[in-house]
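Quick one: the structure is below, questions incoming.
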Amino acid sequence: MRSKAEELGLAEERRTVERRRELPPLPNVDKWGYVKTRFAPNPDFLIHLGNARPALLSHIYARMYKGGFVLRFEDTDPRIKTPIPEAYQRIREDLRWLGISWDEEYVQSMRMELYYDVARKLIEKGGAYVDLCTAEEFRKFRSERRACPHRDRPIEEQLELWDKMIEGHFGEGEAVLRIKTDLAHPDPSVIDWVAFRVIDTDKHPHPVTGSRYVVWPTYNFAAAVDDHFMGITHILRGREHAVNTVKQSFIYMYMGWRYPEVVNLGRVNLEGFILSKSRIKELLTKYPGRFLGLDDPRFGTIASLRRRGILPDTIREVILELGVKSSDATVSWDNVAAVNRRIADSRSKRLMFVKEPLEVCIEGIELPFKVSIPYHPSADLGERSYVMTNGCVYVEKRDFENNKGQVVRLMSFINVRFEERSGRAVAKLVGYTVDEARRYGAPIIHWVPKEHSVRARLYVVEGLRLRRVVGMAESSVKELNSGEIIQLVRLGFARVERTKPVPLLIYAHP
RNA sequence: GCCGCGGUAGUAUAGCCCGGUCAAGUAUGCGGGCCUUUCGAGCCCGUGACCCGGGUUCAAAUCCCGGCCGCGGCACCA
């Protein structure tokens with residue numbers, strides 16, 4: 001027994017060592033003299049597994065180089081990506097749960113005056129102009145690689161227009177501030193990109209600043225300015241931002257700033273799950289009653305995975321295995337489950353849950369009978385005891401039917417022969433030990449003592465469906481803590497959602 | 001319009017930048033065995049892959065060219 005435990009311990013040690021991969025060094029660290037990274041989510045929804053990649057890697061690198069790490073909420077679009085008030089707090093909770101701590105925190109919507117200041121300076125330097133073209137008009141000029149008529153007006157006029165913009169003289173779509181780039185740039189999306197646009201915050205109030213501002217910076221402007229003022233040295237972000245580096249560098253050029261090092265990361269998909277925030281939001285609006293909240297276990301958000309019983313170490317390990325690469329990755333659920341199983345196994349209590357319960361009474365057992373079962377076969381997680389006075393148990397109907405006339409072992413209890421007598425299911429005691437059961441070649445099945453059973457629900461995720469299974473669980477399920485990860489014998493891992501009034505478990509994986 | 005990425009076992013991927021140590025690693029899956037509180041975990045054994053065609057080279061999964069297939073991003077979202 002001890003040698004086996006030793007074996008297990010050694011084996012586990014070896015595995016973790018093998019898994020601990022060195023991350024590649026960040027570029028040009030010596031030129032900056034320090035490292036500071038950031039994670040910059042949009043609080044328009046909860047973060048998902050795909051966001052965990054830049055978040056975790058940025059944080060790990062910051063700690064690895066004993067540098068700084070910044071959390072920045074990018075909430076500069078109250079119209080299309082309207083921030084959700086509770087998202088700010090829930091994102092913080094998700095990050096902490098993932099083991100991420102930050103040294104500084106900023107909210108972009110509270111930094112508007114700074115953006116306005118930089119915009120004014122850019123106009124003064126001739127690097128930006130107020131454009132009064134319609135979107136279509138501008139598109140036409142751009143496709144012909146021609147300057148729009150507003151581009152080369154005198155700076156004084158630009159400043160006046162800019163002030164008017166801020167004061168609210170223009171409606172949505174009537175004016176934008178553009179960064180002067182290169183009219184001949186091969187990528188039209190780079191040409192004179194929009195730095196600020198008008199958003200009617202009476203119609204679309206911002207959850208932080210209400211209707212106070214009507215001119216809002218775009219992502220590229222706000223991120224560029226913030227990365228500079230926050231002293232960010234290394235940006236790890238999704239590959240979809242590659243072009244944005246080109247756009248933002250024009251601001252850095254005008255202002256004489258030094259652009260941080262950029263590492264582009266590929267997107268992460270989770271097989272069988274919806275990660276897209278907009279898709280999830282769409283589903284939630286379209287079918288409001290069908291989901292268990294923003295963190296419904298069918299989604300790929302961090303909160304959903306947590307609710308499903310996935311541990312933070314599992315997510316860290318899965319993300320680290322993907323490495324620092326610009327290629328997209330699809331994570332298979334089987335692998336997530338395998339990693340989670342390995343981590344959860346030694347700390348999860350074993351409990352029995354019988355679906356499609358069939359009552360079977362045992363003949364030949366001496367009553368009362370006390371049975372004590374450890375919660376874990378090898379780890380010390382305590383035990384539960386049941387005193388049975390009537391000898392009746394629940395077993396799965398299927399188990400009874402598949403073993404009629406045969407000997408089975410009720411796990412950690414006794415060996416019985418299943419019989420059917422005048423339509424009634426009975427079980428005859430034939431022995432007590434595992435050795436005897438093995439001599440019979442008896443399958444080991446799970447069971448629940450009738451007197452110590454409680455009706456419980458188990459929710460099983462099947463793609464976008466949620467199968468609700470009702471069954472009988474051991475009464476000790478009521479003593480568990482909600483949030484606890486347990487293992488249902490022969491079924492798999494599950495997370496305790498709540499224990500009252502009817503215990504509810506969410507199935508994680510086999 | 002413009003920019004970019006990928007094609008390695010059933011599946012998901014590592015390796016490719018700096019060619020040999022790759023008769024290709026890991027996980028999962030699958031098959032068999034051991035173990036026994038499980039149809040789980042663990043342990044042992046086994047299974048199985050470099051998109052196609054050229055080129056460079058003593059040597060190519062790795063470099064170059066072409067092809068085929070698949071995918072993504074940007075343009076008053078972030």
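In what follows, every chain begins at residue 1, and chains take the letters A, B, ... in the order their sequences are listed.
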ask   = What are the residues of residues 432-447 of chain A, sorted by number, that bring a heavy atom to within less than 4.0 Å of RNA chain B?
value = Val434(A), Arg438(A), Ile444(A)
Glu396(A): salt bridge (Lys or Arg N to Asp or Glu O under 4.0 Å) partners, not counting sequence neighbours = none
message = If the condition is salt bridge (Lys or Arg N to Asp or Glu O under 4.0 Å), which residues does Arg153(A) pass it with, not counting sequence neighbours?
response = Glu157(A)
request  = May I have all residue pairs that pass side chain to side chain donor-acceptor pair (under 3.5 Å) and include part of residues 186-196 of chain A, sequence neighbours excluded?
outcome  = Tyr129(A)-Asp192(A), Arg151(A)-Asp192(A), Thr181(A)-Asp192(A), Asp187(A)-Ser189(A)
message = Rounding to an integer number of angstrom, what distance separates A24(B) and C50(B) when you compare their C1' atoms?
response = 8 Å
query = If you measure only the distance, is there a donor-acceptor pair under 3.5 Å linking the side chains of Gln248(A) and Asn220(A)?
reply = yes
ask   = In chain order, what residues pass the salt bridge (Lys or Arg N to Asp or Glu O under 4.0 Å) check against Lys180(A), with sequence neighbours excluded?
value = none
ask   = Of all the choices, A78(B), A75(B), G40(B), which nucleotide is nearest to the side chain of Lys247(A) once you look at every atom?
value = A75(B)
request  = Starting from C1' on U13(B), measure out to CZ on Arg267(A) and report it in whole angstrom.
outcome  = 19 Å
key: Rounded C1' spacing from G15(B) to C2(B) in Å   = 33 Å
Protein and nucleotides 1-8 of chain B: nitrogen or oxygen contacts under 3.5 angstrom:
{"unit_1": "C5(B)", "atom_1": "O2'", "unit_2": "Arg239(A)", "atom_2": "NH1", "d": "3.3"}

ask   = Looking only at side chains, do Glu317(A) and Thr314(A) share a donor and an acceptor under 3.5 Å apart?
value = no
inquiry  = Using the ring-ring contact (aromatic ring centres under 6.0 Å, His included) criterion, which residues pair with Phe221(A)? Sequence neighbours excluded.
reply    = Phe196(A)
task = Go through RNA chain B and write down every stem, that is, every run of at least three consecutive Watson-Crick or G-U wobble pairs with distances under 3.5 Å, as range with range.
result = B:1-7 with B:68-74, B:10-13 with B:25-28, B:29-34 with B:42-47, B:51-55 with B:63-67
message = Checking contacts here: which listed nucleotide (G40(B), A78(B), C76(B)) is nearest the side-chain heavy atoms of Arg79(A)?
response = C76(B)
query = Just to confirm, is there a sub-4.0 Å distance from OP1 or OP2 of G42(B) to any side-chain nitrogen or oxygen of Ser378(A)?
reply = no
query = Side-chain contact, heavy-atom cut-off 4.5 Å: Phe138(A) with Asp131(A)?
reply = yes
Quick test: give all pairs of protein nitrogen or oxygen and nucleotides 15-17 of chain B nitrogen or oxygen below 3.5 Å, distance rounded to 0.1 Å.
{"unit_1": "G15(B)", "atom_1": "OP2", "unit_2": "Lys325(A)", "atom_2": "NZ", "d": "3.0"}

note = Residues passing the salt bridge (Lys or Arg N to Asp or Glu O under 4.0 Å) test with Arg237(A), sequence neighbours excluded, are none
inquiry  = Looking only at side-chain N and O atoms, does His241(A) offer a donor or acceptor that is under 3.5 Å from a partner on Tyr219(A)?
reply    = yes
ask   = Want to settle it: does Ala338(A) or Glu136(A) sit nearer the 5' end of RNA chain B, counting the closest nucleotide to each?
value = Ala338(A)
A41(B) phosphate, OP1 or OP2, under 4.0 Å from Ser346(A) side-chain N/O = no
Tabulated below should be each protein N or O lying under 3.5 Å from an N or O of nucleotides 29-31 of chain B; please produce it.
none

key: Under the side-chain hydrogen bond (donor to acceptor under 3.5 Å, both in side chains) test, residues paired with Arg409(A) that sit two or more places apart   = Asn415(A)
request  = Look at the aromatic rings of His509(A) and Phe493(A) and report parallel, tilted or perpendicular, splitting at 30° and 60°.
outcome  = tilted
task = Would you tell me whether Gln108(A) and Arg111(A) have side-chain atoms, one donor and one acceptor, within less than 3.5 Å of each other?
result = no
message = Any donor-acceptor pair under 3.5 Å linking the side-chain atoms of Ser109(A) with those of Asp75(A)?
response = yes
